[in-house]
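Right, one structure below, let's go through it.
Note on naming: letters A, B, ... go to the chains in the order of the sequence lines (proteins, then strands), and numbering restarts at 1 for each one.
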Amino acid sequence: MKKLFMILFVITTLVLIVACGNDADTSETTDEGTNASDDVELKVFIDQPRFKTYYEDFLDGFTEYYEEENGITVRFQLEMPGPNEAAQILQTRLSSNDSPDVFTLHALNNIPVYDNAGYLEDLSDLPFVENLLDAPLNAVTRDEKVLAAPLETLYWGYLYNVDIFEAYDLEVPETISEMETVVETLSENDVTPFIRSFQERNIPQLFLPLVVGALAETENPDFFERMDNNDASLKEFEGFFDMMDIQNEHGTDRPFEIDGAQGSNMFANEEAAMWVQGPWYAESILASNEALNFRVAPLPINDNPEATLINASVSTSLAVSKDSDHKEIAKDLVNYFLESEASNALFQDLLFNPVSTKHDFEPFPWLDEAMEYVEAGRSYQDPPIPNAVKSESERVFQTYLAGSDSQDDVLEALDRTWEQSLALD
Amino acid sequence: MDTELATAKTKSNTFRFNKAKKKKCLSFLMFLTPAFLFYALFMLIPLIGAVYYSFTNWNAASQATRFVGLSNYIEAFTNDPYFKESMLLTIKYTAIVVIVQNVLALLIALLIEYRNRTRNLFRTVFFMPNMVSLIISAFMWSFIFTIVLPQLSEYGLSLLDQGWLGNPDVAFYSIIIVAIWRGTGYMMIIYIAALQGVPVHLKEAAIIDGASSFQNFIHVTIPMIMHAITICVFLTLNEAFKVFDVVYGLTGGGPGRSTQVVALNIFEEAFSGNFRYGYANAKSMILFVIILIITIVQVYVMKGKEVES
């Protein structure tokens with residue numbers, strides 16, 4: 001009996017090995033097949049399913065264009081997972097050698113990690129690079145190599161409802177004391193100051209880049225350097241929780257049952273005057289109430305008006321995989337995203353800001369004030385906080401806002417995760 | 001001469017016997033092989049892989065994986081407060097779910113057994129939650145918890161005005177409500193089947209001896225359905241320890257980590273934050289061993305209490 005089981009086991013392993021071997025063989029032969037014919041399939045991975053139709057139309061346009069120019073028919077296998085799962089799925093694909101040819105990543109968060117792991121193709125020679133605006137170009141450049149094409153740039157702090165502010169004669173607060181006055185005036189007039197939407201963990205998480213970014217820019221310029229040497233702590237930032245507390249004390253009800261979609265709906269229906277959230281919700285706000293007059297403003301962190309800054313960041317960017325079988329076509333596609341005539345229309349459809357001199361459309365009305373801040377130099381680049389620390393902050397901020405953790409617990413947990421993430425490389 | 005013949009005869013007998021045995025064994029193996037192949041392919045080999053990776057520092061991002069010995073296990077036991085908390089929460093969850101689900105299922109089974117005409121209807125109704133996919137029922141309930149119950153509370157049922165999923169103290173019990181709502185029907189079916197197998201003559205004999213219906217239940221019915229109790233406790237214990245989808249669908253472990261069960265803790269260790277696949281594998285090994293030990297002890301103890309009529 002034992003012998004038989006041994007034999008069976010050996011057979012199973014053999015079958016497995018043979019099966020795996022076969023797999024590799026077949027994939028090689030199909031590659032040759034595609035090279036011979038004029039039909040190429042590109043795997044494209046974009047983590048913005050809400051824009052599915054726009055991207056599909058754009059890719060169809062590329063197929064047409066490419067067939068005319070080069071006589072090659074490009075078909076697309078478009079994968080669009082939700083933003084919550086996207087990172088996991090992409091990471092699994094990359095590590096299992098099943099990488100998409102072109103994929104989106106977060107310029108500031110992911111480029112260093114993926115570049116160290118050797119997944120990113122150098123795009124410096126592509127024509128789009130020369131036309132990029134300075135801020136987005138800096139964000140996608142690492143060691144003087146351009147590793148991704150920026151799509152979505154963000155200028156954000158919090159959103160406020162202009163009509164409510166005007167109705168009570170309120171100025172956009174420049175310091176946290178002024179913010180308290182604003183909150184007081186609103187409360188006296190029975191207007192809820194803030195939307196609280198903490199069900200989606202990444203919304204309270206936004207405080208981390210806002211607070212750390214502004215304070216590191218003004219008070220603690222060598223913070224990240226020292227943090228990388230295990231020689232700093234988030235406890236250095238005084239008043240880390242001040243703004244979070246103000247929001248939490250003067251917000252709408254049932255925060256842990258309200259997600260981003262419901263929050264944007266509430267903001268659109270003027271249930272509160274402010275929402276600590278980026279303009280990436282503009283589209284869904286306008287879908288609920290087209291006439292809503294809102295603006296992006298910099299969030300005050302303390303009583304220093306110079307720390308009241310706009311967070312400027314490049315998030316969604318397109319990268320080409322180093323393992324791609326069709327690198328040249330993939331590169332042409334990335335270039336097409338920024339250089340073609342269709343690019344203007346795409347960026348406008350997706351409500352993205354211009355990133356290239358090729359883009360000749362006006363930014364959105366809600367961004368005009370924020371852009372003034374940026375042009376006046378009152379902005380900072382989204383701080384390089386490790387991904388792991390951000391996801392840890394999602395958890396611990398929720399716990400803090402629910403009243404279970406102390407401020408020290410939160411900062412210690414974040415420090416610990418930061419240290420661990422350094423130990424990984 | 002005689003003895004020689006006899007030994008030859010027995011030899012040929014044992015030979016024939018061996019041949020028959022071999023044939024039986026072969027057919028046994030032939031029936032087993034396809035199932036075993038699939039089992040090996042999808043369970044055994046990944047399991048071996050998981051054991052291996054639990055000794056490494058594998059994370060998805062870096063391509064260099066190092067062998068780190070037992071340090072993952074040591075960290076899980078000594079330096080991971082969240083793992084400990086989630087383990088305690090899971091034990092609490094398991095204790096409540098195993099007891100309530102089994103008591104409730106047995107109670108419903110008894111009540112249904114006493115009905116004559118509507119028996120089929122009730123059996124179907126109570127079993128129905130089991131036919132909805134768990135993740136869908138989680139979304140259904142999260143709609144009930146966040147929208148329906150707060151609306152109802154406006155009509156005088158102020159007790160219903162809770163942060164069912166948003167309040168860290170209440171969310172745990174919301175999860176238990178959904179888990180029990182879903183799991184009870186299945187256990188009930190097993191109990192009904194067992195109750196039908198209790199020999200009537202034993203009950204009648206007890207009645208003749210003057211036993212009340214409660215005594216009848218405790219001293220006749222319970223021992224006779226002990227085998228079903230063993231199975232049901234085993235199933236609920238096993239399920240409750242591995243609980244993932246209800247929690248994932250209802251609260252995602254939140255607010256904060258207040259409802260993070262072990263399986264979710266492992267999931268997050270692997271697929272968010274630092275993507276520590278190796279460490280997550282070590283933690284799932286620990287969970288596996290714990291479940292293994294507890295269920296073996298449970299089955300061993302309860303098997304000893306089973307009786308036959």
Spatial distance of atom [atom1] ([X]) from atom [atom2] ([Y]) [nearest 0.5 Å]:
X: B/Thr146; Y: A/Gln262; atom1: OG1; atom2: CD; result: 6.5 Å
X: B/Phe271; Y: A/Glu85; atom1: CZ; atom2: CD; result: 12.0 Å
X: B/Glu268; Y: A/Arg395; atom1: CD; atom2: CZ; result: 4.0 Å
X: A/Phe256; Y: B/Asn167; atom1: CZ; atom2: CG; result: 9.0 Å
X: B/Arg257; Y: A/Ser404; atom1: CZ; atom2: OG; result: 12.0 Å

Just checking [X]: does its [atom1] atom have more than 12 heavy atoms from other residues, nucleotides or ligands closer to it than 6.0 angstrom?
X: A/Gln88; atom1: CD; value: yes
X: A/Lys327; atom1: NZ; value: yes
X: B/Phe67; atom1: CZ; value: yes
X: B/Tyr39; atom1: OH; value: no
X: A/Arg50; atom1: CZ; value: yes

**Message:** Using only non-hydrogen atoms and a strict under-4.5 angstrom cutoff, which residues of residues 195-203 of chain A touch chain B?
**Reply:**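 Under the 4.5 Å heavy-atom cut-off, A/Arg201 qualify.
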**Complete:** Taking every heavy atom of B/Trp164 against every heavy atom of A/Glu257, the minimum-distance pair comes out as N-OE2, 3.6 Å
**Message:** Heavy-atom cut-off 4.5 Å, strictly under: side chain, backbone, both or neither for A/Thr417 against chain B?
**Reply:**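 Its backbone and side chain both get close to chain B.
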**Message:** Need one label for A/Thr399: side chain, backbone, both or neither, based on atoms under 4.5 Å from any heavy atom in chain B.
**Reply:** both
**Asked** Checking B/Ser258 against chain A: side chain, backbone, both or neither under 4.5 Å from a heavy atom?
**Response** neither
**Prompt:** Given a strict heavy-atom distance threshold of 4.5 Å, which part of B/Pro255 is in contact with chain A: side chain, backbone, both, or neither?
**Reply:**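 It is both, since atoms from each part get that close.
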**Request:** Assess whether side chain to side chain donor-acceptor pair (under 3.5 Å) is satisfied between A/Glu392 and B/Tyr82, documenting all intermediate values.
**Result:** CA-CA 11 Å; A/Glu392 178 67 16; B/Tyr82 298 139; 3.0 Å; yes
**Request:** Determine the option with the most heavy-atom pairs under 4.5 angstrom with chain A, choosing from B/Pro81, B/Pro168, B/Pro150, B/Ser142.
**Result:** B/Pro150
